[in-house]
Amino acid sequence: MPELPEVETIRRGLVEKVIGRTIERVEIRSNRIVLYPKPNQLQEALRHQTIRQISRRGKFLVLDVGDYHLLIHLGMTGQLTYWAQSQEDDNLFFRHPRTGLQKARQHRVDKHTHISLYFTNGEALHYRDIRQFGRWRLYRPEELAMAPEFVKLGPEPFTADYTWKRFLEAFKGRKLRIKSLLLDQRFVAGVGNIYADEALFDSRIHPERKAESLSNDEKRRLFRAIPRVLKRGLKYGGTSFQDYINAEGLAGTNQERLHVYGREGEKCLRCKLSIQRIVVSQRSSHFCPHCQPDNK
DNA sequence: AGTAATCCCTGGCAGC
DNA sequence: TGCTGCCAGGGATTAC
């Protein structure tokens, strides 16, 4: 599940590969992914455009292609990989015997590859998304700031937007559980299920605590933990728990460094007791009952 | 208005 | 072995 560190890793990989590339042809094989405008209009609009810059806001990638800004959300299983004919090597390509996932630098078009951008130099950018929760949207540059999915986003971690004052403000009158608040992109942009669990463990807060019940000290710990766990994820190239791979088709290694996520029944790295898994607002939540007591 | 539940989708997997 | 049913989850939508 691509969250901020995964999307940022993909962005950095793409910057190395596709800046300056001109789109010759767009192939769309699924009608589910392109939300706006109509698929054939997007196809036409992107033709002959040159990729100038790639930025990120929360979990959204923004491809500046000149006349348009292409907004890409990877959903749950979205993958964006670069394909260069010159680098093709069959030894690097294989299908995982059980999961069928492609494990290679060079990803070929398969039944889950829903969109391909073919460049004038013969290379390509493939969008593959097994569960098809990802969405592409096209805006005029001046429309982007007012795009509905954009204006609602909360502060961007690692930037001046992320302030203690604004963080505190977001807690006022919020009776929902802290885990639910963390997953709300209006609270802090880019945090998803994995990093929410990690941040709560770092700050020693039970996922089911009511947001407004947190003490000032707990809020402070959480405020500091969020960028910390995201930075760690980024440092190790993202968390490849299921389908995430970077622009080169390679997995990250942060899954080896998670403290609680996916570690149900394993020992807490802090106190050695068993990590538990519960469901909070339809999402699995991993925590240590000893280090993160439900005390309020 | 705030919060919770539902739905989308596919592959993996437990159970029979 | 093959079938069935459930689970994973980001975010839009719907319900309360």
Side-chain angles (χ1 to χ4, degrees), chain A residues 1-8 10 28-36 56-61 71-80 95-103 110-115 127-137 147-154 157 169-200 207-214 230 233 238-245 255 258 260-265 275-287:
Chain A
M1 49 219 86
E3 305 177 28
L4 188 152
E6 290 74 35
V7 177
E8 178 61 21
I10 291 168
I28 302 175
R29 308 176 189 88
S30 163
N31 287 325
R32 300 198 59 82
I33 307 298
V34 178
L35 199 65
Y36 175 88
R56 178 193 56 76
R57 176 81 171 91
K59 300 175 192 171
F60 287 94
L61 279 172
L71 206 58
I72 298 178
H73 194 294
L74 301 170
M76 277 290 297
T77 55
Q79 303 170 334
L80 268 176
R95 201 170 285 275
H96 193 278
R98 279 192 307 110
T99 66
L101 287 173
Q102 297 189 30
K103 305 278 184 188
D110 69 2
K111 65 172 178 170
H112 299 299
T113 311
H114 307 303
I115 305 176
Y127 179 73
R128 186 172 182 269
D129 187 351
I130 292 175
R131 290 180 209 176
Q132 301 185 52
F133 285 173
R135 293 293 177 264
W136 286 33
R137 302 162 170 91
E149 53 278 309
F150 238 55
V151 290
K152 289 185 283 186
L153 288 178
E169 201 67 31
F171 278 85
K172 292 200 173 143
R174 303 306 300 273
K175 299 180 194 304
L176 78 172
R177 288 162 295 191
I178 185 62
K179 175 65 184 286
S180 307
L181 184 59
L182 275 168
L183 294 178
D184 188 340
Q185 297 303 294
R186 291 169 297 185
F187 178 56
V188 178
V191 176
N193 208 36
I194 295 174
Y195 295 98
D197 280 6
E198 294 299 307
L200 287 171
E208 287 187 298
R209 290 278 304 285
K210 302 284 186 197
E212 63 175 3
S213 81
L214 264 59
L230 293 173
T239 304
S240 292
F241 211 80
Q242 289 167 357
D243 303 297
Y244 161 72
I245 48 173
Q255 62 279 7
L258 296 177
V260 283
Y261 187 88
R263 298 193 63 242
E264 183 185 13
I275 299 296
Q276 278 188 18
R277 191 185 76 92
I278 56 171
V279 174
V280 182
S281 52
Q282 318 303 113
R283 300 288 179 264
S284 61
S285 286
H286 310 74
F287 69 104

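Since this is a predicted model, take the numbers as computed values, not measurements.
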Q: Drop me the distance from A:Asn193's CG to A:Arg283's CZ, to the nearest 0.5 angstrom.
A: 7.0 Å
Q. In terms of side-chain heavy atoms of A:Ser284, which of C:dG9, B:dG11, C:dG11 is nearest?
A. C:dG9
(Q) Within the 4.0 Å heavy-atom criterion, would you say A:Gln185 contacts the bases, only the backbone, or no part of the nucleic acid? (A) sugar-phosphate
Q. So what does A:Arg277 hit on the nucleic acid, given a heavy-atom distance under 4.0 Å: a base, only sugar-phosphate, or nothing?
A. sugar-phosphate
Q.
Under 5.5 Å centre to centre and under 30° between planes: does that hold for A:Phe133 and the six-membered base ring of C:dG11?
A. no
Q: Take A:Glu6 and A:Tyr195, measure what side-chain hydrogen bond (donor to acceptor under 3.5 Å, both in side chains) needs, and give me the verdict at the end.
A: CA-CA 11 Å; A:Glu6 290 74 35; A:Tyr195 295 98; 2.7 Å; yes
(Q) Which is more 5' along DNA chain C, the nucleotide nearest A:Thr77 or the one nearest A:Lys152? Just name the residue. (A) A:Thr77
Q) Do A:Arg135 side-chain and C:dG10 base share a donor-acceptor contact under 3.5 Å? A) no
Q: Indicate the ring-plane relationship of A:His114 and A:Tyr127, choosing parallel, tilted or perpendicular according to the 30° and 60° boundaries.
A: tilted
(Q) Under 4.0 Å, heavy atoms only, any strand: does A:Tyr195 hit a base, just the sugar-phosphate, or nothing? (A) nothing
Q: Would you tell me if any nitrogen or oxygen in the side chain of A:Lys111 comes within less than 4.0 Å of OP1 or OP2 on B:dG11?
A: yes
Q.
With a cut-off of less than 4.0 Å, is there a side-chain N or O of A:His112 near OP1 or OP2 of B:dG11?
A. yes
(Q) So, under a plain 3.5 Å distance rule, would you say the side chain of A:Arg131 forms a donor-acceptor pair with the base of C:dA8? (A) yes
**Q.** Sidechain-backbone polar pair: A:Ser281 side chain, A:Ser180 backbone, donor-acceptor under 3.5 Å
**A.** no
Q: Indicate yes or no for a side-chain donor-acceptor contact from A:Asp197 to the backbone of A:Tyr261 under 3.5 Å, with no hydrogens or angles considered.
A: no
Q.
Measuring from the side chain of A:Arg32 (C-beta onward, heavy atoms only), which nucleotide among B:dC9, C:dG9, B:dA5 has the closest atom?
A. B:dC9
Q: Find the distance A:Asp129:CG to B:dG11:P and express it as a whole number of Å.
A: 11 Å
(Q) Can you see if the side chain of A:Gln132 gets near the phosphate of B:dT10 - specifically, an N or O under 4.0 Å from OP1 or OP2? (A) yes
Q. So what does A:Gly173 touch, heavy atoms closer than 4.0 Å: a base, only the sugar-phosphate, or nothing?
A. sugar-phosphate
Q: Measure from the side-chain heavy atoms of A:Asn193 and tell me the nearest of C:dG9, B:dT3, C:dA12.
A: C:dG9
Q. Where the side chain of A:Leu183 is concerned, which of C:dG10, C:dA12, C:dG9 is the nearest nucleotide?
A. C:dG10
Q: Please figure out whether A:Leu176 or A:Arg283 has its closest DNA chain B nucleotide nearer the 5' end.
A: A:Leu176
